[in-house]
*Asks:* 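Here you go, one structure.
Below, read A as the first sequence line, B as the second, and so on, with proteins coming before strands; counting in each chain starts at 1.
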2 protein chains.
Amino acid sequence: MGNIPNTTNILKDNKLRVTSCRRDVLATFITRKVALSHSDLEEALKENFDRVTIYRTLKTFLDSDLIHKVLDDSGATKYALCTHNRSEPHHEHEHVHFKCEKCGKTNCIEEVSLPKIALPAGYLSKEMSLLVVGICKECS
Amino acid sequence: MGNIPNTTNILKDNKLRVTSCRRDVLATFITRKVALSHSDLEEALKENFDRVTIYRTLKTFLDSDLIHKVLDDSGATKYALCTHNRSEPHHEHEHVHFKCEKCGKTNCIEEVSLPKIALPAGYLSKEMSLLVVGICKECS
DNA sequence: GTTTATGCAAATTCTTTGCAATACT
DNA sequence: AGTATTGCAAAGAATTTGCATAAAC
């Protein structure tokens, strides 16, 4: 790994030091295109980096809004790249994710956006995440 | 605890043996009215029951569809009572939950139902969960 | 040269499993 | 009486923390 374009620039843009662990974690997210758990990354990179370093890398990326948590119906915490335009003020405020029951993969569905939902009076919505569980294109 | 109505009947209706741990866990869900994690229950009931028994009780209730997992943006797995009519065939297929950033409480919003969402071709949806994060009635 | 990230060890926390004693029906 | 549940001990995962070494700027 290490030859994926951009990882260095992405890190620099986010004012993070460029290290090989960070570049490899980022590259793994970019090439796999699905939400990844810590253990997915550990398995992919354990030859090269310590488990703990991967935990810390994920935390760093979360803090920099480079990745976000993806809800999951099993216990596992998964993460995915944030795709929002960095020139925009902050965050995406909604996420739509699809998890396939068969292959277990979860990915972001960019094409779909959440309709506005009328909450009961008094509730203030700041962020919404929709998880759809079913069968994906490849498995159906 | 122990005087909450119905817990015995609910257990019987679900063909579960009536034990005091199960009644107390059920009663805690009924009275608190919010999604609870294992550690919430442990804290509430640790004088009376073992940590392990609470884990097993949650698993039993999940298997009987008495409770369901509630997605959460922190790591914690939370659970809430299923409110569906037991005469209906099976499961609810959608859940809308609200998590308050301030007080941390999560509850089911029964009033709102999810609009149908058009997924990209090839995706088959079986179940949907929406988590809305924001400020609740009490905290705003 | 200064600051920050990494690896390793070890501490915590979370969850599961085995088995004998107990409680439920 | 027979079967399922509980408590305790202990194993196994998952996650966090401290500190000396190494790498980035």
*Asks:* Is Arg56(B) touching bases, backbone alone, or none of the nucleic acid, heavy atoms closer than 4.0 Å?
*Replies:* base
*Asks:* Toward the 5' end of DNA chain D, which comes first, Arg17(B) or Thr57(B), by nearest nucleotide?
*Replies:* Arg17(B)
*Asks:* Would Ser37(A) and Asp40(A) count as a side chain to side chain contact (heavy atoms under 4.5 Å, CB included) if you check the C-alpha gap in whole Å, the side-chain angles of each, and the deciding distance to 0.1 Å?
*Replies:* CA-CA 5 Å; Ser37(A) 65; Asp40(A) 293 330; 3.1 Å; yes
*Asks:* On DNA chain C, reading 5' to 3', which nucleotide is the first and which the last to sit with an atom under 4.0 Å from a heavy atom of chain B, could you check?
*Replies:* dC14(C) to dT25(C)
*Asks:* Determine whether the aromatic ring centres of His38(A) and Tyr55(A) lie less than 6.0 Å apart.
*Replies:* yes
*Asks:* Hey, which of Asp50(A), Thr53(A), Leu26(A) is the one that makes side chain to side chain contact (heavy atoms under 4.5 Å, CB included) with Cys21(A)?
*Replies:* Thr53(A)
*Asks:* At less than 4.0 Å, is any side-chain N or O atom of Thr19(B) found next to OP1 or OP2 of dT6(D)? Yes or no.
*Replies:* yes
*Asks:* With nearest nucleotide decided by heavy atoms, which residue, Leu16(B) or Arg51(B), maps closer to the 5′ end of DNA chain C?
*Replies:* Arg51(B)
*Asks:* Any idea how His95(B) and His68(B) line up, ring-wise: parallel (<30°), tilted (30 to 60°), or perpendicular (>60°)?
*Replies:* parallel
*Asks:* Rounding to an integer number of Å, can you tell me how far Asp72(A) CG sits from dA14(D) C1'?
*Replies:* 15 Å
*Asks:* At 4.0 Å (heavy atoms only), tell me whether Arg22(A) reaches a base, stays on the sugar-phosphate, or touches nothing.
*Replies:* sugar-phosphate
*Asks:* What is the distance, to the nearest angstrom, from the CD1 atom on Ile54(B) to the C1' atom on dT5(D)?
*Replies:* 14 Å
*Asks:* Linking I/L/V/M/F/W/Y whenever any side-chain heavy atoms sit under 4.5 Å apart, do Val18(A) and Leu58(A) land together?
*Replies:* yes
*Asks:* OP1 or OP2 of dT16(D) versus the side-chain N and O atoms of Tyr55(A): is any pair under 4.0 Å?
*Replies:* no
*Asks:* His38(B) or Cys21(A): which one's nearest nucleotide on DNA chain C is closer to the 5' end?
*Replies:* Cys21(A)
*Asks:* What pair of heavy atoms forms the shortest contact from Ser129(B) to Leu71(B), and how long is it?
*Replies:* CB-CD1, 3.6 Å
*Asks:* Using a 6.0 Å cut-off, check whether atom NZ of Lys69(B) has over 12 heavy atoms from anything other than its own residue.
*Replies:* yes
*Asks:* Rounded to whole angstrom units, what separation is found between the NZ atom of Lys46(A) and the P atom of dA14(D)?
*Replies:* 12 Å
*Asks:* Lys59(B) NZ to dA4(D) C1': how many Å, rounded?
*Replies:* 16 Å
*Asks:* Round to a whole Å and report the spacing from NZ of Lys15(A) to C1' of dA24(D).
*Replies:* 18 Å
*Asks:* Can you check the Leu58(A) CG to dA14(D) P distance for me, whole Å?
*Replies:* 14 Å
*Asks:* Please report the distance, rounded to the nearest Å, between CD in Glu42(A) and C1' in dA13(D).
*Replies:* 11 Å
*Asks:* For the pair made of CG in Asp63(B) and C1' in dT5(D), what is the distance, rounded to whole Å?
*Replies:* 15 Å
